[in-house]
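Take a look at the structure below.
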Amino acid sequence: MFRQGEVVEISTSTQVFRGVFIKEEKDFLVVKLSNGYNIGIAKRNIKGEKSLGMVRREENTMKKLKEHIRGKALPLISILHTGGTIASKVDYSTGAVIARFTPEDIIGLFPELRSMASIRSRLISNMLSENMRFSHYNLLGRAVEEEVRRGVRGVIITHGTDTLHYSAAALSFMLENIPVPVVLVGSQRSSDRPSSDSAVNLISAVIFIINARAGGVFVCMHESMNDSSCLVVEGVNARKMHTSRRDAFRPINKGLVARIDYENKRVEWLKDLEKSRGEFNIKLFKENIKVGLLKAHPNLLISELECFKHFDGLIIEGTGLGHIGISETDKLTKENKRIGELLAGLARRIPVVMTSQTIYGRINMNVYSTGRDLLRMGVLGNYTDMTSETAFIKLAWLLSNYKKEEVRELFERNLRGEISDRTEKEYFLV
Ligand code: GLU
């Protein structure tokens with residue numbers, strides 16, 4: 001077998017691949033092609049293979065890249081890294097999976113960027129996104145603010161996909177009147193073959209930024225299972241809808257912002273972006289704010305709610321139009337009544353908000369008696385259509401920045417596009 005860093009020529013019945021050998025997996029070989037991307041070649045298709053010797057790094061490459069990055073002609077884009085799959089790559093000289101963050105590395109990894117943008121790049125954190133805390137949103141928000149004040153054309157944030165939509169919502173609320181696009185990208189890499197979705201997502205984000213005429217916070221990820229296009233979704237409406245597919249990020253109760261035709265490097269606009277008129281301003285999270293997120297379910301126990309007595313706010317991800325079992329309908333439902341009493345006490349003291357586990361659709365607590373009882377208790381969120389994740393982030397951010405009475409009022413008011421005016425049928429399963 002080849003050694004890492006060896007230049008190889010591998011032929012199948014239809015093609016000849018020449019590149020740098022990276023590693024061998026059970027069913028395929030991974031080779032880095034001269035355009036910088038990795039491909040997997042299925043062993044069963046290999047008809048011939050030969051070594052062309054060890055790779056020699058072109059001495060001038062780093063110098064040339066640095067000169068390019070200093071060049072003023074191209075739009076300046078800043079890439080902030082927070083970790084996840086997209087930030088790591090196999091280093092062909094050592095075989096290790098490493099995270100690389102300098103602008104030179106980024107252009108080395110994504111060679112197409114060379115002709116598209118001047119890149120600034122820095123590491124904010126290097127973590128799996130499930131470990132994020134409000135403090136990380138503040139770090140990230142401040143870093144974006146710094147880049148924007150420096151005059152960049154846009155900011156790309158590389159992020160683990162699991163909680164990418166929470167961060168997108170957090171930044172949407174934090175960065176008031178953001179004048180340039182901030183685009184979160186991730187990578188859903190399938191485990192059975194090397195994937196190029198990180199490159200497609202990142203370069204599509206660059207195409208979007210270069211063409212956008214207004215600011216905002218967006219998510220840019222694959223449209224389908226192939227690499228031909230990406231979708232841009234508003235940060236407050238995005239949701240991860242699949243554990244592993246590359247096209248997992250979809251807008252909920254909202255339309256798309258744009259489609260990026262990756263092959264032709266073009267943007268198809270599906271929505272007009274509105275230029276913000278106010279002054280750019282950042283409003284951070286209070287790091288010790290306590291907001292809970294409870295999923296309603298049959299046979300709920302009062303002990304599942306009791307801890308929220310010490311919280312500042314609570315989201316209930318209810319059933320259907322916005323329900324949770326609070327009624328004693330027979331002798332088997334006494335616990336529900338106690339839950340209702342506890343909830344009424346909570347709703348008097350802290351904002352308690354209803355969202356729906358149906359994911360799509362709007363809360364309407366006027367239809368059934370349960371909803372009307374919840375409304376009488378002061379449960380918020382009627383007629384809103386935010387995802388539970390966005391509602392959670394919004395409530396925490398409001399509690400961090402506004403007085404209690406203002407929080408109740410602002411929660412049901414559309415601040416960043418998180419609540420839509422109308423329920424359009426074409427917004428379902430976009
Ligand atoms: N749990 C990881 C994360 O969200 C998954 C890897 C990835 O999506 O990049 O960071």
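Atoms within each ligand, like the ligands themselves, are counted from 1 in listed order.
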Has Glu304 got a side-chain atom pairing as donor or acceptor with Leu301's backbone, closer than 3.5 angstrom?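 At least one qualifying donor-acceptor pair exists.
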Side-chain (Arg239) to main-chain (Ile252) donor-acceptor, under 3.5 angstrom: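 Not confirmed, Arg239 side chain does not pair with Ile252 backbone.
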Could you tell me whether some N/O pair between Thr163 and ligand 1 is separated by less than 3.5 angstrom?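 Thr163 vs ligand 1: no N/O contact under 3.5 Å.
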Do Glu130 and ligand 1 have an N or O pair less than 3.5 Å apart? yes
Ser187 heavy atom under 4.0 Å from ligand 1: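 Yes, that is the case, since the closest heavy atom of the residue is under 4.0 Å from the ligand.
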[X] heavy atoms, cut-off 4.0 Å: which ligand 1 atoms fall inside?
X	answer
Ser129	3 (C), 4 (O), 10 (O)
Thr161	3 (C), 4 (O), 7 (C), 8 (O), 9 (O)
Leu128	2 (C), 10 (O)

Do Phe411 and Trp397 have ring centroids that are under 6.0 Å from one another?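 Centroid distance Trp397-Phe411: not below 6.0 Å, so no.
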Between Phe208 and Trp269, is the ring centroid distance below 6.0 Å? yes
For Arg349, look at atom CZ and say whether over 12 heavy atoms of other residues, nucleotides or ligands are found less than 6.0 Å away.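 It does: Arg349 CZ has more than 12 such atoms within range.
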